[in-house]
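Report on the structure given below.
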Amino acid sequence: MTEDFWSPVRLSISVAAISLAIVFAAGILLARLLAFKKFKGKPLIETILLLPLVLPPSVVGFLLIIVFGKQSFFGRAIEIFIGQPVIFTWLAAVIASSVVAFPLMYQSAKTGFETIEKEIEDASRVDGASEVKVFLYIALPLSAKALAAGAILSFARALGEFGATLMFAGNIPGKTQTIPTAIYFAIDSGNMEMAWLWTAVMIGISFIMLAAVNAFSK
């Protein structure tokens, strides 16, 4: 198989892996922070956090262009850091994948934390454990299955992201072309052989991901 085939595969896996690292940390921290908190604006905050799960990819892509465009504060800040506008770069693909994958990680982590009996954590606090130790040695181990399932689903979602990535990162071969965008343009150009090969890769990876989720859920 040629470099034209492997380049989108490598980029997709790299983007998904980086996105997973981002959403895994952010999802766990925010889920832990909000799982047992009750305050007036909590429903609104959680709605905003979960919104990318239901928004059309084109809407997510449009909002990312607005938020990270050249005229925005975040866009200018990133441009200073990387030396070029973030749009149509591999970093844009990471941002798009992270945004759409985050709700899955957050919801899984929150569900895992909420299943922990509060008495267990309270008992450890009575014994002198700090909040950090409660989190590291009780909350994380007891919610490990939910966290693992969330991580796998988030990776799979990031790997398969198409619409927002196409709008925000584009389809530049060797630079921003991921497997989903490569499949789309291969079909559009009539290159069915490459489209089938990339599709087979996606099906194979997705099958492994779902099998792993089922295994962790038992």
Side-chain angles (χ1 to χ4, degrees), residues 5-36 46-57 60-61 64 90-117 135-166 168-169 176-184 197-218:
F5 170 79
W6 287 113
S7 178
V9 176
R10 288 196 300 267
L11 181 62
S12 291
I13 293 175
S14 298
V15 167
I18 297 172
S19 299
L20 173 59
I22 294 171
V23 303
F24 188 77
I28 288 177
L29 291 176
L30 284 173
R32 181 63 179 177
L33 181 64
L34 297 176
F36 303 107
E46 290 198 304
T47 299
I48 294 173
L49 292 177
L50 296 176
L51 202 55
L53 196 61
V54 296
L55 282 177
V60 176
L64 288 175
W90 68 271
L91 183 56
V94 170
I95 293 173
S97 296
S98 299
V99 168
V100 299
F102 173 81
L104 293 172
M105 188 66 234
Y106 171 79
Q107 193 62 34
S108 296
K110 184 187 173 191
T111 300
F113 292 143
E114 289 178 340
T115 58
I116 302 173
E117 294 183 12
F135 176 66
L136 293 177
Y137 298 112
I138 296 178
L140 289 183
L142 291 180
S143 58
K145 286 187 176 182
L147 297 180
I152 294 170
L153 290 174
S154 298
F155 180 86
R157 181 66 185 86
L159 188 71
E161 165 52 31
F162 171 70
T165 299
L166 182 60
F168 189 42
T176 66
Q177 186 181 62
T178 58
I179 297 177
T181 58
I183 292 173
Y184 176 83
L197 288 173
W198 281 317
T199 298
V201 170
M202 287 297 294
I203 292 174
I205 295 175
S206 299
F207 180 86
I208 294 172
M209 295 291 100
L210 287 175
V213 169
N214 289 331
F216 277 112
S217 299
K218 293 181 179 179

Looking at [X] and [Y], what are the two nearest heavy atoms and their distance?
| X | Y | result |
| --- | --- | --- |
| A93 | V15 | O-CG1, 3.6 Å |
| A16 | F155 | CB-CE1, 3.5 Å |
| L136 | P141 | O-CD, 3.3 Å |
| L20 | A151 | CD1-O, 3.3 Å |
| S154 | V23 | CB-CG2, 4.0 Å |

[X] side-chain N/O to [Y] backbone N/O, donor-acceptor pair under 3.5 Å:
| X | Y | result |
| --- | --- | --- |
| Q107 | A109 | no |
| W198 | F5 | yes |
| S12 | V9 | no |
| S19 | S97 | no |
| T176 | A169 | yes |
| S108 | L147 | no |

Is there any salt bridge (charged side-chain N to carboxylate O under 4.0 Å, His left out) pair reaching into residues 18-34, and which pairs are they, with sequence neighbours excluded?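 Listed by first then second residue: R32-E121.
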
Inter- and intrachain pairs under salt bridge (charged side-chain N to carboxylate O under 4.0 Å, His left out), touching residues 5-15, at least two apart: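 Passing the test, one end in residues 5-15: E3-R10.
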
Partners meeting side-chain contact (heavy atoms from CB on, under 4.5 Å) with S14 (sequence neighbours left out): none

Only counting residues at least two apart or in another chain, list the ones meeting ring-ring contact (aromatic ring centres under 6.0 Å, His included) with Y106.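 Here the qualifying residues are F102.
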
Can you sort out the partners of F162 under ring-ring contact (aromatic ring centres under 6.0 Å, His included), two or more places apart, ordered by chain and number?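 With neighbours one apart ignored, the set is Y184.
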
Could you give the distance from [atom1] ([X]) to [atom2] ([Y]), rounded to the nearest 0.5 Å?
| X | Y | atom1 | atom2 | result |
| --- | --- | --- | --- | --- |
| L91 | I95 | CG | CD1 | 4.5 Å |
| S98 | M105 | OG | CE | 13.0 Å |
| L104 | L50 | CG | CG | 9.5 Å |
| F113 | L34 | CZ | CG | 11.0 Å |

Is any side-chain heavy atom of W90 closer than 4.5 Å to one of I18?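 In short, these two side chains touch, coming nearer than 4.5 Å.
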
Residues 199-211, side-chain donor-acceptor partners within the protein, below 3.5 Å, at least two apart:
| from | atom 1 | to | atom 2 | distance (Å) |
| --- | --- | --- | --- | --- |
| T199 | OG1 | A195 | O | 2.7 |
| S206 | OG | M202 | O | 2.8 |

V100 and T165: side chain to side chain contact (heavy atoms under 4.5 Å, CB included), yes or no, with the steps? CA-CA 10 Å; V100 299; T165 299; over 6 Å; no

